[in-house]
There are 2 protein chains.
Amino acid sequence: MARPSTAAETPELADENYDLAEQVGFIMRQAAQRHVSIFNEIMGSDLTPTQWAVLARLYQDGGSSQNLLGRQTAMDAATIKGVVDRLLKRKLVQTKPDPEDGRRLIVELSPAGVDYTRELLPKAETVTKVTLAPLATNQRATLIALLKQLR
Amino acid sequence: MARPSTAAETPELADENYDLAEQVGFIMRQAAQRHVSIFNEIMGSDLTPTQWAVLARLYQDGGSSQNLLGRQTAMDAATIKGVVDRLLKRKLVQTKPDPEDGRRLIVELSPAGVDYTRELLPKAETVTKVTLAPLATNQRATLIALLKQLR
DNA sequence: GGGATATCGTTCGTATACGAACGAGGACCA
DNA sequence: TGGTCCTCGTTCGTATACGAACGATATCCC
């Protein structure tokens, strides 16, 4: 490892083997960036990956409370609120109070949201396909299995 | 796949096999979230993963122009500017104009930044270790090799 | 020399991400 | 019944992320 020009010359050899470019976190961030880039190309820039996650989850399993929806799509309460608000503004989603629990807000797809989601499903499948294109078929299953263990 | 309550009943069976929870992008986002969470626990909340990436890169290879530094740490020009600005405010980094190119701003570690980075190196190694802890040794190399193909 | 082209750093706007704090509502038990 | 504790949704502040546009500077090539 090269020394920075301003470094005092007391190299602790024990740490000289740290290479940023070899750390999982850094590599994973780059892979995720490429994925988002592919997503934007294919899905169009008017929908983000997190917004799509919400639509897809609601399409699969119907409405749920806002916080639960956030858990199902890997967003905390503050983040899911912003996403739902933006989907509400576009009328892809609608909300209503939960009659059984005064704290809860039920979020579900609007009819327009259902149509919109259904139209985008083939593109979403393409996103996954293109993202995994550099890998051989058996490698794709391996990668997904390994990533699942890191959740 | 369950139908959303507001869906018209015209299932296109071709798309019924899309499951959000099985898409690489979604799984990768969750794995990245866990990694960041581990990072924050170990490194302390006063430094972010991207800020660390900048410090580590400068420590390894010395100063470089701001945009090049961004490329090396996987950030675009707008993002790297914000990160450098915040590191400047903490005096972990210093800048100077490039005498050979009037457009360039050279960014390098300050002496305090060198010390700070060197102290954190062992913790950074721990972050990688803990992140990969759920995997067997041979699986770790496999995962990294696969992720590298997705950049 | 000078014009076309490219790069550099900056700024703006929008969208995640998430910690922290808050009030309202619900569950539980003494 | 009343108190304690938890969950829910909301808001604030900070930090990535990145597209788009801009002016300043370099480079290339006729």
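Just so we're on the same page: letters track the sequence lines, and every chain starts at 1.
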> Which pairs count as salt bridge (Lys or Arg N to Asp or Glu O under 4.0 Å) when at least one residue sits in residues 133-149 of chain B, sequence neighbours excluded?
Replying inline: Glu22(A)-Lys148(B)
> Just by distance, do the side chain of Arg151(B) and the backbone of Ala32(A) share a donor-acceptor pair under 3.5 Å?
Replying inline: no
>> Could you tell me how far apart Ile80(B) (CD1) and dG9(C) (C1') are, to the nearest whole angstrom?
In response: 12 Å
>> Has Gln60(A) got a side-chain atom pairing as donor or acceptor with Leu20(B)'s backbone, closer than 3.5 angstrom?
In response: yes
> To the nearest angstrom, how far is Arg103(A) atom CZ from dA24(C) atom C1'?
Replying inline: 9 Å
> In whole Å, what is the span from the CG atom of Leu69(A) to the C1' atom of dG9(D)?
Replying inline: 13 Å
> Under 3.5 Å, is there a donor-acceptor pair between the side chain of Gln33(B) and the main chain of Ala74(A)?
Replying inline: yes
> To the nearest Å, how far apart are Arg104(A) CZ and dA24(C) P?
Replying inline: 19 Å
> How about Thr128(A) and Gln23(B): does a side-chain donor come under 3.5 Å of a side-chain acceptor?
Replying inline: yes
> Distance-only, no hydrogens or angles: does the Thr95(B) side chain make a donor-acceptor pair with backbone N or O of Leu105(B) under 3.5 Å?
Replying inline: no
> What string of B, S and - do you get for nucleotides 10-21 of chain C, 5' to 3', when a contact is any protein heavy atom under 4.0 Å?
Replying inline: BB---SBBBB--
